[in-house]
*Asks:* 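Before we start, here is the structure in question, set down as structure tokens.
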Amino acid sequence: MMSPQVQKCIDDCLACYQACLSTAMGHCLEVGGAHVEKDHMTLMMACAEICRTAAHFMLIGSDHHPHICVECAEICDQCARDCKRLGGMELCVAACERCAASCREMAIPMTAG
């Protein structure tokens, strides 16, 4: 049985995975221009994948999840900033910000020691 905090982080990670992937494949590809530039698309795909990976590590109960969550929070923050900069991706920005906050909470035990 996992704690409510871990379950919330898993839920936030999976929601961010979905938001980044669907926004990149839907919105960004439709809008084109800066939204499909390599750096932005790579960041969105990296964000989706690290979110999925962080959720996976927590679901299997890996002791390494705090390390993954540190990186996940960093990438989510970067993705949120870039999506905000380009505009029109409010749902992705919100999902990234929620996920980053949840992952920072999961990383606290690692950074506290």
Side-chain angles (χ1 to χ4, degrees):
M1 189 98 169
M2 60 186 65
S3 74
Q5 182 184 20
V6 171
Q7 185 60 58
K8 181 186 181 319
C9 191
I10 291 167
D11 293 343
D12 289 342
C13 285
L14 292 175
C16 192
Y17 166 70
Q18 180 179 359
C20 286
L21 197 57
S22 64
T23 300
M25 295 297 104
H27 175 78
C28 291
L29 289 178
E30 289 175 17
V31 172
H35 286 80
V36 293
E37 287 179 359
K38 184 182 182 324
D39 288 346
H40 179 69
M41 289 298 286
T42 299
L43 178 58
M44 289 192 78
M45 293 299 96
C47 189
E49 188 58 30
I50 195 69
C51 289
R52 188 176 70 89
T53 300
H56 182 91
F57 271 60
M58 288 180 276
L59 283 165
I60 66 171
S62 172
D63 291 341
H64 295 279
H65 82 267
H67 302 284
I68 301 298
C69 285
V70 167
E71 191 63 23
C72 188
E74 184 178 320
I75 293 171
C76 283
D77 283 336
Q78 185 179 358
C79 191
R81 282 191 306 273
D82 206 47
C83 288
K84 200 178 288 186
R85 175 184 68 83
L86 291 175
M89 295 178 275
E90 292 77 19
L91 292 176
C92 190
V93 170
C96 286
E97 289 173 346
R98 272 191 309 276
C99 186
S102 287
C103 278
R104 275 191 290 277
E105 288 182 23
M106 289 294 103
I108 289 172
M110 186 189 83
T111 57

*Asks:* Name all residues meeting the side chain to side chain contact (heavy atoms under 4.5 Å, CB included) criterion together with L14; count only those two or more places apart in sequence or in a different chain, and write none if there are none.
*Replies:*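 Counting only residues at least two positions away or on another chain, L14 forms a side chain to side chain contact (heavy atoms under 4.5 Å, CB included) with I10, A55.
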*Asks:* Please determine which of C20, C79, C72, C69 meets the side chain to side chain contact (heavy atoms under 4.5 Å, CB included) test together with C99.
*Replies:*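 With C99 as partner, side chain to side chain contact (heavy atoms under 4.5 Å, CB included) holds for just one option, C72.
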*Asks:* Taking all non-hydrogen atoms of both residues into account, name the closest pair between R98 and D12 and its distance.
*Replies:*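 That would be O-OD2, 3.9 Å.
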*Asks:* Does CG belonging to L91 count more than 12 external heavy atoms closer than 6.0 Å?
*Replies:*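 Check fails, neighbour count at 12 or below.
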*Asks:* Do the side chains of I68 and V6 join up, straight or via other hydrophobic residues, at under 4.5 Å, putting them in one cluster?
*Replies:*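 Result: no, two separate clusters.
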*Asks:* Walk me through it: do M2 and M58 pass the test side-chain contact (heavy atoms from CB on, under 4.5 Å)?
*Replies:* CA-CA 9 Å; M2 60 186 65; M58 288 180 276; over 6 Å; no
*Asks:* Mind listing the side-chain donor-acceptor pairs of residues 22-34 below 3.5 Å, one per line with the distance, residues two or more places apart or on another chain?
*Replies:*
| from | atom 1 | to | atom 2 | distance (Å) |
| --- | --- | --- | --- | --- |
| S22 | OG | Q18 | O | 2.8 |
| S22 | OG | A19 | O | 3.4 |
| T23 | OG1 | A19 | O | 2.7 |

*Asks:* With rounding to the nearest 0.5 Å, note down the distance linking CD1 in I50 to NE2 in H56.
*Replies:*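 Between atom CD1 of I50 and atom NE2 of H56 there are 12.0 Å.
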*Asks:* Residues in side chain to side chain contact (heavy atoms under 4.5 Å, CB included) with Q78, at least two apart?
*Replies:*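 L43, R81.
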*Asks:* Report the residues that fulfil side chain to side chain donor-acceptor pair (under 3.5 Å) with Q7, sequence neighbours left out, ordered by chain and then residue number.
*Replies:*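 So Q7 forms a side chain to side chain donor-acceptor pair (under 3.5 Å) with D11.
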*Asks:* Could you state the interatomic distance from OG (S102) to CD (E105), rounded to the nearest 0.5 Å?
*Replies:*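 CD of E105 is found 6.0 Å from OG of S102.
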*Asks:* Would you mind reporting whether C47 and C96 have side-chain heavy atoms less than 4.5 Å apart?
*Replies:*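 C96 vs C47: side chains touch.
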*Asks:* Is H65 close to C9 at the side-chain level, that is, under 4.5 Å between some pair of heavy atoms?
*Replies:*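 Contact flag for C9/H65 side chains = no.
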*Asks:* Nearest 0.5 Å please: distance from the CG atom of L21 over to the SG atom of C16.
*Replies:*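 Result: 11.0 Å between the selected atoms.
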*Asks:* Of all the heavy-atom pairs spanning Y17 and C51, show the shortest one and how long it is.
*Replies:*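 Taking every non-hydrogen atom into account, N-CB, 4.0 Å.
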*Asks:* With sequence neighbours left out, write down each residue that passes side chain to side chain donor-acceptor pair (under 3.5 Å) with K84, or none if nothing qualifies.
*Replies:*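 E97.
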*Asks:* So which pairs with a foot in residues 32-47 pass side chain to side chain donor-acceptor pair (under 3.5 Å), sequence neighbours left out?
*Replies:*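 For residues 32-47, and leaving out neighbouring residues, the side chain to side chain donor-acceptor pair (under 3.5 Å) pairs sorted by first residue read H40-D82.
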